[in-house]
Amino acid sequence: MEKLIFYNTLSRKKEEFKPIIPDHAGLYTCGPTVYNYAHLGNLRAYIFEDVLKRVLLYNGYQVRHVMNITDVGHLTGDMDMGEDKMEKKARADKKNIWEIAAFYTDAFKKDLQALNIIEPDVWLKATETITEQIALVKILEEKGFTYKTSDGIYFDTSRFPAYGRLSHLDLETLKEGARVEKNQEKKHPTDFALWKFSPRGEKRQMEWPSLWGIGFPGWHLECSVMSALGLKEMRDIHCGGVDHINVHHTNEIAQYEAAYGRKFFNYWLHNEFLNITGGKKMAKSAGNFLTLDNSLRQKNLPPLAYRFAALQTHYRKPMEYSEESLANASQSFLHLRRQIREIKSTGPEGPDGGHASGRNFQADFQRAINDDLNTPKALAVAQEMLKSELPAAVKLALWLDFDRVLGLGISGQEDEISPAVQALAREREEARRKKDFGRSDELRRQLEDMGYEVADQKDGQKIFKR
Ligand code: AMP
Ligand code: ZN
């Protein structure tokens, strides 16, 4: 098997993957802030991370994957200013904050399922690890890395010389980037909050006592704590979008390495953005973001078409969203699905042109994915293989092998659909006939939760097992 190579943001180079424990790989992926639905940009990050995990599995590694849920402490301002996104949403919706967190965590997990993303082995919530987070601040305080202001305990970045290592920017340049914010009490613009005090005279829905006063943890703290809690010594790979490089991940490294004097993670992989037309990053705070529901399901496109679209762009290249490109990806995805069904129904007696091109598709596929997850190339190899003169049974076997990495969930299976599912499908057809689209959407979601996909085609509704 070809060497497994990743582009490491730490070295800004492609490097061979060498795990800490042979044959094992530890993976930490920064999870969602659960005050709203995930948008397609966020989901691009999780699809990339899923491909990464599948490539590790394909290469024979035993993977331990940890993901956090940010349910406290992520502020609306970039750097320790503004409101807690969760508290703000709870106030706007006049709801209990814990219910909001539970609702959007659940919605996020459903999105992962719809995109055929393998669940992490360990989920950790920020609010479940407050004690450990306080303990880390205490260590930093004892080692002299902190100072107190009127609104919290801060990390003094001038005490940590390696601060710019991940971003490859010197402290002066990072300071320029951070200067937009008006926090007069910070000693340096890059300093960041470890613990914030609850505002005077205000009772937050989420707050905890600490050695320094009632408050809540700074956003970066949770990932330094939870990655180490979940992975122990297996801190191989840490991921997120490129927006995390200069602040969030830089601060995670500073906290951990200043406290323990050990390297935090060996490999840092970052995905580029999904942009909306004009090169603007899709963002939750923009308020006009696209979800699996409003950009796919409501247009009768299968959610997995978005996974297909994401695979067509290398994760380190910006991806441009347009309705048209998504519709095209959907056509190609459905075509692929039909192709595999046909191959499957042809059976072993299918056309046998032998290895006409003499090409070793499996080797080409492996070379592509092991070269820093080149999914566009891997998809192209898969498509050429399907068009080739190989016997149907060989094609199917190769496809199923490739799909372990691509994760498009296409098996060519014409399913036995259970009577319960058939009943729901009939009910949905009836609802659509009566133009009760609210009910039909609800039933679609129910079917999707059960692992089925619904496509409304000209000759009626079709149900597929995912
Ligand atoms: P958040 O819920 O904002 O913490 O973001 C969750 C993940 O999505 C992080 O890894 C972000 O870096 C990533 N992300 C946010 N916006 C985009 C975008 N437009 N394109 C790709 N990834 C993004
Ligand atoms: Zn994080």
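We number each residue from 1, following the sequence as shown. Computed from a predicted structure; not experimentally measured. Just follow the structure's listing: the first ligand is 1, and inside any ligand the first atom is 1.
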The Zn ion (ligand 2) contact by [X], N, O or S atom under 2.8 Å:
| X | answer |
| --- | --- |
| His249 | no |
| His220 | no |
| Glu252 | yes |
| His244 | no |

Problem set entry | Residue part near ligand 1, for Asp243, under 4.0 Å between non-hydrogen atoms | side chain
Exercise. Mind checking whether His39 has a heavy atom under 4.0 Å from ligand 1?
Worked result: yes
Problem set entry | Min heavy-atom dist Met319 to ligand 1 below 4.0 Å | no
Exercise. Can a salt bridge be assigned to the pair Lys53 and Glu49 using a cut-off of 4.0 Å between side-chain N and carboxylate O?
Worked result: no
Problem set entry | Carboxylate-amine/guanidinium proximity below 4.0 Å for Arg297 and Asp293 | yes
Problem set entry | Any N/O pair Trp219/ligand 1 closer than 3.5 Å | no
Problem set entry | Heteroatom distance test (Glu272, ligand 1): nitrogen or oxygen, under 3.5 angstrom | no
Problem set entry | Flag for Ser325-Glu320: side-chain donor and acceptor within less than 3.5 Å |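 Result is no, nothing qualifies.
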For this session: For Asp156 and His188, test the side chains for any donor-to-acceptor distance below 3.5 angstrom and give the result as yes or no.
Result: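 His188 and Asp156 do have a side-chain donor-acceptor pair below 3.5 Å.
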Exercise. Nearest to atom 14 (N) of ligand 1 by heavy atom, Leu40, Thr70, Asn42: which?
Worked result: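 Considering heavy atoms of Leu40, Thr70, Asn42, the nearest to atom 14 (N) of ligand 1 sits in Asn42.
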